[in-house]
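Some notes on the structure that comes next.
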Amino acid sequence: MNPLPLVFAELRHNRAAVLAVAVLIALAVSLGVAVSAQERALRNSSAAAAEPFDIVVGMPASQTQLVLTTVYLQPAALELIPGKVLQHLQSTPGVGFAAPIAFGDYLGTSPIVGSTAALLTLGGSRSMAEGRPFERVHEAVIGARVAAKLGDVFEPAHGDPSAAAPDGETHVHHGFKYTVVGRLGPTGTPWDNAIIVPVEAVWLVHALPSGHPAAPDGPHAEHHDDDQDDAIPIGPPWLEAEMPGVPAIVVKATSVGDAYRLRAELRRGGTTAVFPAEILLDLYSTLGDARDVLAIISIAAQALVVAAVLLAVFAVIAARRQQLAVLRALGASRSFVFALVWCQVMIMIAAGALIGLGIGWFGAQAISRIVEVRTGLAVAATIARPELVMVLSLMLVGALLAIVPSVLTYRQPVAEGLRGS
Amino acid sequence: MAKAARGARLVAENIVVAYPLPTGDELTALKIERLEIPSGSHTAVCGPSGSGKTTLLHVLCGIEAPRSGQVCWDAVDLFALGEAARDRWRRHAVGLVFQQFHLFPSLSPLENVLLPARFSAFRVDAAVARRARALLDLVEVRVVGNTARLSRGEMQRVALARALLFAPPILLADEPTASLDAEAAARVAGLMFSACRETGASLLLVTHDAALAARCPQVMHLAAGRLSSAAPEPLSVAS
């Protein structure tokens, strides 16, 4: 037997209703697919962003804020760690590298982050995409997405341009110029939008000591003389007595054992230390609750839609009892009529589910773009097994539920149907 | 057109069809002691509405099982067959023509004629497809087009072509002309009789159209579910 020509003819004949049903299913499915794909992508990419940072050290406060500020460059006023902690870490056994993260100025929307060359190369494990690490206090390295080129000279403004600082201290120029000497490769994190400068430069801009023996003229002069500044050494070792504090320090441990030991050590003596990955897990479990709620909503929406579809199918079958009876009278077997009804319901559900998969994928991409524009976090949403399982289960449930109306037609007496009573 | 096997001989005996009434009583819709239709004969069953004509037709082609009795076409005892076997038998042995045509508006005229072929085969045999086209040629309806836009006469001719697809030895027609105008009715009736003559198929038609019935050598009358070979008294019709 071959009910397909009749199946397709009937679907074509009722295309407006079929399309409406398929779109209804598609919308419900796309919600579930987009939520699932996007949530996973966000989790993966935010975890990947934290990967280079084994341990983040800060003053005891919100550990979540510490991670958000260092890994995702979310501006926040953090209490400063005494400089000697940073200096001490440079010679602590088990430390791969320990780099400060100091904030302050912005160039356009790009945060200027003060650190050391170790952060640029992640302790030698990463090479520059272009140019070289900074070697002088007036040199800067830009993230992959910063709109500048090697050799550009810029002069930053102070404060976050997107939110006026409480003391109104925005757009105060310091007359401190940087020359771009290198560019990092893309990381898919907010760091791609950052400009990294020697931490000494950030200190100097804030009229603090440079951490190194003072130049004859003194770093506290109102106007920086770039040529003189070039004499200031950058990077460790620093002179502990001349070291200002830093908001955060990222530490790469040489082994997992060292990481745990270092974290324990750094939690003593007034500082705190966290594994960003661990803090993120806490965050995910909170986000996971929201995800679960959305998932339940989307499954409920899908269930409602399938129920609505079946109701519609019952109505259609009641209206077409006579047609189905005619098929039987002409010699169609019960299984032919069963297959005819089942195929029609199944094609509507499958088409809706597949279109929904597509819309869901597009939706996840759209959300990714928004997240990337807003946070700089590259969120690559993909359709993977959980979404396919979701869509396949819906089709499976649909296939099973479609049996119900098909069975009803199966049991309908032909003579009664023919009379059209 | 291909010649089919000659018509089939019907013997129906002791048929009772009864329905329960809400009052608890029963309505006897059909009570026939014996009906015999010789092979290749043309028979008309006449009777007023509600006399059981359609029920009789449904019983004779195995659509509706009687409470008791036997229907045999040649050697086939219809209700001794399983439902699937009965469906198969009906598909090839019976051509059905309905008063309301019962075409599928979603299918082209050709696909409507080919529909019974879809019940058994995944691919339509080339010979069957040729026959479908030849039948549409015979009834003078274009192969392609919108079935819903055909005239009523054309629709019934397509339905007749569909009934003749497998050259069945039996053609059963339920008021085939009742919803057509006189001209279309005459054309459909002409095609029906000539097709049956050509293939030697038995024709049983149920009608209240006396003129159509008169074209059959054998005319039976059905009243209140009971058959008689003579027309009922005019008085009893009036009552």
Side-chain angles (χ1 to χ4, degrees), chain A residues 1-21 313 316-345 347-348 406-421, chain B residues 17 19 29-30 50 54-59 61-66 82-108 110-124 146-148 159 162-163 165-166 168 172 174:
Chain A
M1 72 178 180
N2 182 10
L4 293 178
L6 188 54
V7 166
F8 289 122
E10 289 288 305
L11 289 174
R12 217 172 23 245
H13 195 66
N14 305 304
R15 54 186 166 271
V18 168
L19 197 69
V21 166
V313 169
V316 167
I317 283 176
R320 287 175 41 203
R321 263 175 57 148
Q322 197 175 37
Q323 218 180 21
L324 298 174
V326 168
L327 287 172
R328 294 295 312 284
L330 294 176
S333 61
R334 287 204 286 205
S335 38
F336 181 92
V337 175
F338 178 96
L340 173 69
V341 174
W342 188 85
C343 284
Q344 287 186 52
V345 177
I347 285 174
M348 283 193 295
S406 313
V407 162
L408 288 186
T409 62
Y410 194 92
R411 301 173 64 149
Q412 179 196 312
V414 180
E416 228 172 80
L418 266 184
R419 284 193 192 96
S421 52
Chain B
V17 175
Y19 303 114
L30 211 57
T54 296
T55 304
L56 173 65
L57 214 59
H58 287 171
V59 169
C61 68
I63 286 175
E64 185 163 4
E83 182 144 6
R86 204 154 55 235
D87 289 334
R88 250 193 322 275
W89 170 83
R90 193 164 55 242
R91 189 186 312 151
H92 290 280
V94 182
L96 270 175
V97 178
F98 307 94
Q99 178 177 351
Q100 292 302 332
F101 332 131
H102 290 325
L103 296 179
F104 285 75
S106 62
L107 297 175
S108 69
L110 179 65
E111 277 298 330
N112 264 292
V113 175
L114 280 174
L115 189 56
R118 305 280 185 203
F119 299 158
S120 46
F122 190 80
R123 282 185 157 279
V124 171
N146 188 340
T147 300
R162 176 177 67 187
L165 181 66
F166 290 126
L172 298 180
D174 188 357

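Just so it is clear, the values below take in all heavy atoms, side chains as well, and ignore hydrogens, waters and symmetry mates.
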Residue Ala121(B) versus chain A: region with a heavy atom under 4.5 Å:
backbone
Heavy-atom contact with chain B under 4.5 Å, split by part of Leu340(A)
neither
Interatomic distance, Met1(A) atom CE to Ser335(A) atom OG [nearest 0.5 angstrom]:
4.5 Å
Options Leu4(A), Val337(A), Leu327(A), ranked by heavy-atom pairs under 4.5 Å with chain B, top entry:
Leu327(A)
When every non-hydrogen atom of Arg334(A) is compared with those of Arg328(A), the smallest separation belongs to CG-NH1, 3.0 Å
If you count heavy-atom pairs under 4.5 Å with chain A, which of Pro116(B), Gly62(B), Pro105(B), Ser108(B) comes out on top?
Pro105(B)
Inter-residue atom distance Glu64(B).CD - Leu56(B).CG, 0.5 Å rounding:
10.5 Å
By a 4.5 Å heavy-atom criterion (distance strictly below it), what part of Glu83(B) contacts chain A: side chain, backbone, both, or neither?
side chain
Backbone of Ala84(B) reached by a side-chain donor or acceptor of Ser333(A) within 3.5 Å
no
So which atom in Ala329(A) and which in Val414(A) form the shortest heavy-atom distance, rounded to 0.1 Å?
N-CG1, 4.0 Å
Heavy-atom contact with chain A under 4.5 Å, split by part of His58(B):
side chain
Out of curiosity, Leu418(A) CG to Gln323(A) CD, how far, rounded to the nearest 0.5 Å?
12.0 Å
Answer with side chain, backbone, both or neither: which region of Arg162(B) has an atom nearer than 4.5 Å to a non-hydrogen atom of chain A?
side chain
Option that, when pairs with chain B are counted at under 4.5 Å, heavy atom only, ranks first among Leu11(A), Leu330(A), Val326(A):
Leu330(A)
Among pairs that include at least one residue of residues 8-19 of chain A, which meet side-chain hydrogen bond (donor to acceptor under 3.5 Å, both in side chains), considering only residues two or more places apart or in two chains?
Glu10(A)-Arg320(A), Glu10(A)-Ser106(B)
Please look at Leu114(B) and chain A and tell me whether the side chain, the backbone, both or neither of the residue comes under 4.5 angstrom of a heavy atom of that chain.
neither
Residue Thr55(B) versus chain A: region with a heavy atom under 4.5 Å:
both
Let me know if Tyr19(B) has heavy atoms under 4.5 Å from chain A in its side chain, its backbone, both or neither.
side chain
How long is the span from the CG atom in Asn112(B) to the OG1 atom in Thr147(B), to the nearest 0.5 Å?
4.5 Å
